[in-house]
2 protein chains.
Amino acid sequence: MVDEPHTQSGDLTISDHDAPRKSRSDGRPTIADVAARAGVGAITVSRALRNPQLVSDILRSKIDEAVRALNYVPNLNASALASSRSDVVGVLLPSLTHTVFTDVLRGIYDGGDGTKLHIQLANMRYNAIEEERLITQFLRHKPAGMIVSGIEQTAKSRRMLEMFDGPVVQIMDLTCDPIDQVIGFSHEAAGRRMTEHLIAQGYRRIAFLSGWLSERSNGRLRGFRHAMAAADLDASAKAYSILDVGMEAAMRDLGQSPTPPMLEYATPDTGRVLFRHIREHAPKVDAVFCNNDALALGVLFECLHQGIRVPEDIGIAGFNDLDFMAAAEPALSTVRTHRYRIGHAAITTIRERLNGETPGVRIDDVGCEIMARRSTER
Amino acid sequence: MVDEPHTQSGDLTISDHDAPRKSRSDGRPTIADVAARAGVGAITVSRALRNPQLVSDILRSKIDEAVRALNYVPNLNASALASSRSDVVGVLLPSLTHTVFTDVLRGIYDGGDGTKLHIQLANMRYNAIEEERLITQFLRHKPAGMIVSGIEQTAKSRRMLEMFDGPVVQIMDLTCDPIDQVIGFSHEAAGRRMTEHLIAQGYRRIAFLSGWLSERSNGRLRGFRHAMAAADLDASAKAYSILDVGMEAAMRDLGQSPTPPMLEYATPDTGRVLFRHIREHAPKVDAVFCNNDALALGVLFECLHQGIRVPEDIGIAGFNDLDFMAAAEPALSTVRTHRYRIGHAAITTIRERLNGETPGVRIDDVGCEIMARRSTER
DNA sequence: CTGTTAGCGCGTTCAT
DNA sequence: ATGAACGCGCTAACAG
């Protein structure tokens, strides 16, 4: 086998036999080796690899052969340095566990499929300061684009992203003043609409049940309150919000401190505990609007346990429409959010813009859907 | 300002005055700019940034000031090229949606926290060929380490990873012949132990219920069959395996083709449909061992719906111990796997080895735990 | 502890 | 359609 790696390039002053030549390279073949073997210039190899049609068929096949023979692997770091452009898209998510974000992620990956885009993912843990740090880090890689969650970046984060030379997409919320582009839906409208549905079904003493509230959850709560107020149910709305009926105490019952990691409260068990507290402190509550589906599932189980009829005695609604909601007995009402679609749209618009296309719309409201099911059918 | 950047290296034939010098750079300050402003050599800046204690206090503070003043952002691509070493860890997961892998991911991120390691994640969709392609891609970035799922890589994937110069950790399964290191547990043992538990509880006609079977699911099924055979229940084991009682037909009922995306079958709704088929085709089944928790939840709801008592008429067991299992009514038995711990251990060992420490153990069995709850309490 | 020199491997620029 | 030369920004290897 012709297995002589890249030595011909340096016929310098070094003695040919003893040549210690402490190369800093890791010994893997470079584009120059491929070029030498194919009998062409390095740049031709470069072109053949990135844009085959720029090279004649003959050279191209020679090059392909050489690539295969040498087992050539392009060095993307060198490429990125030379072109000051990389194929990495930075993605910042508040959580890697919540189904809502994993669905977004799946959309991003599916949408990025078949391209050479790579995803670099970070977990900012619902923490704007952490997010700032991560953005700083990410930018060092000179990514091709960025996807960040929500619209509540710190001023510094925002500045960095504005100065960043590439597409930036904020997702999962809406704002009229995006950094660059935003794709999401209005959490306030979602909360309002589900509450309106509950009221239309005849529920009057509705509790909003949640663990810890993210910025977006707060939007839902606002929507809930507005809808209650609009129906002249504001007083009870406040009274029955779990925020007002001993959440702290309930949290203690979970054996956890009411401080971070607060995300852990978004579990069915939390739902059960919180609902027990509601029954104690606000027995007249006739429906619970849960800030997420896991809580709703827990409430259902607690009702099952206590022999409370759903939807007759208590209406239950969740948020997100995870797959167990439709399969539950009775099926649980919820708000379907288009998480997958959002992720997909985000990476798609980045791809398009990287290809030179123009942004389309800067603000993309994908909406959401009220899934009215048995659990709120009064 | 002494703002003459790197021109001394090439006092060739270029005229000194006219030089338009179309810089290909993007105009951002480089390490040379920082060095110039601080009045030191570039390498000193480099050192100060990477290993502050190698530089005297005076220079270090000067450098820090310059960095801040210029808003210097290191170019990691250049760094990676020069050192042929990057701070990116490649992670290949079969799915980004299944809670089992998102928990792994959370472990990885938590374990990588506070380091400069970046995670580059890919979704190989339970597809070894796709995995091979992704490994090829990843290696182009010259990552610092790699984490891959399972032990069933293709021969080529395996070769690439063996040749890769850095730590490689296979996770979520066990093998006595890892590529480098393996951290996981035996799915066969897990399946066997849960089955033994069911048998010990007095269940005899046990069905193994699953949607599509990954390599690891197959291990669980093997364990199930071994345990059944060992208890002289092998005939029924085969008969009641959902694989033998019309899975295809059941799948059609789901309105889906029995081909990919098969992952979608791991939902509660699938559990309900499959359980209905079991009741029809194998009415004597007295327990179902579900390949995952979502299926088990669906079976529970179907029992609720049909008025079948759990655990008296039917025992239900799942796999993974997602958080709704303990909160269900009745609480659902399952196998707790240490997903988070595995992810955490994987990135931790990579960190350690990057720091020059030796691998510890090559094969790390983190085991699993049988969570016997009401749903199998006969 | 600090600086000098010489690449790392590729892509741009400009010439052919 | 192809090639030569240089530079992208940083760091390893030696000195001092």
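Lettering of chains follows the sequences in order, A, B, ..., and the numbering in each one begins at 1. Because the structure is a prediction, the values reported are computed rather than measured.
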Rounded to the nearest angstrom, tell me the gap between atom CZ in A:Arg60 and atom P in D:dA1.
11 Å
Let me spell it out: for each of A:Ala42 and B:Val45, pick the nucleotide of DNA chain D with the closest heavy atom. Which residue's pick is nearer the 5' end?
A:Ala42
What I want to find out is whether A:Arg133 reaches A:Glu130 closely enough, with some N-O distance under 4.0 Å, to be called a salt bridge.
yes
In this structure, how many angstroms lie between the P atom of D:dG9 and the CG atom of B:Leu49, rounded?
16 Å
Where each residue is assigned the nucleotide of DNA chain C containing its nearest heavy atom, which of B:Lys142 and B:Asp57 is assigned the position nearer the 5′ end?
B:Asp57
Looking only at side-chain N and O atoms, does B:Thr44 come under 4.0 Å of OP1 or OP2 in C:dG3?
yes
Starting the side chain at C-beta, find the nucleotide from C:dT2, C:dC10, C:dT12 nearest to A:Thr30.
C:dC10
Whole-Å distance between D:dT2 C1' and A:Leu59 CG?
8 Å
Given atom CG of B:Asn51 and atom C1' of D:dA12, what is their separation to the nearest angstrom?
15 Å
Regarding B:Arg353 and B:Gln181, is there a side-chain donor-to-acceptor distance under 3.5 Å anywhere?
yes
Strictly below 4.0 Å: does B:Ser79 bring a side-chain N or O up to OP1 or OP2 of D:dG9?
no
C:dG3 P sits how many Å from B:Lys62 NZ, rounded?
10 Å
Could you tell me the separation between the OG1 atom of A:Thr44 and the CG atom of A:Leu54, rounded to the nearest 0.5 Å?
10.5 Å
B:Leu54 CG to D:dA12 C1', in whole Å, measures 14 Å
Would you kindly give the CG-to-C1' distance between A:Leu81 and D:dG7, to the nearest whole Å?
9 Å
Closest listed nucleotide, where the reference is the side chain of B:Ile31 and the choices are D:dC10, C:dT2, C:dC10
D:dC10
Is there a side-chain polar atom (N or O) of B:Arg50 under 4.0 Å from OP1 or OP2 of D:dA12?
yes
To the side chain of A:Tyr72, which of C:dT12, C:dC1, C:dC10 is closest?
C:dC10
Report the nucleotide, chosen from D:dC10, D:dA13, C:dC10, that has the shortest atom-to-atom distance to any side-chain atom of A:Ala78.
C:dC10
So, B:Tyr109 side chain and A:Leu121 main chain: donor-acceptor pair closer than 3.5 Å or not?
yes
Specify the separation, in whole Å, of atom CD1 of B:Ile43 and atom P of D:dA15.
16 Å
Quick note, A:Arg85 side chain, CB onward, closest among C:dT12, C:dG9, D:dA12 is C:dT12
Is there, by distance only and without an angle test, a donor paired with an acceptor across the side chain of A:Arg28 and the base of C:dG9 below 3.5 Å?
no
From C-beta outward on B:Arg47, which listed nucleotide comes closest to its side chain: C:dT12, C:dG3, C:dC10?
C:dG3
Do B:Gln170 and B:Ser149 have a side chain donor and acceptor closer than 3.5 Å?
no
Any salt bridge between B:Arg362 and B:Asp177, counting N to O under 4.0 Å?
no
Can you identify which nucleotide, out of D:dG3, D:dA12, C:dT2, has its nearest atom closest to the B:Ser83 side chain?
D:dA12
If you check the B:Asn75 side chain, which of D:dG9, C:dG3, C:dG11 turns out closest?
D:dG9
Can a side chain N or O of B:Ser46 be found less than 4.0 Å away from OP1 or OP2 on D:dC10?
no
Side chain of A:Ala82 - closest among C:dC10, D:dT2, C:dG3
C:dC10
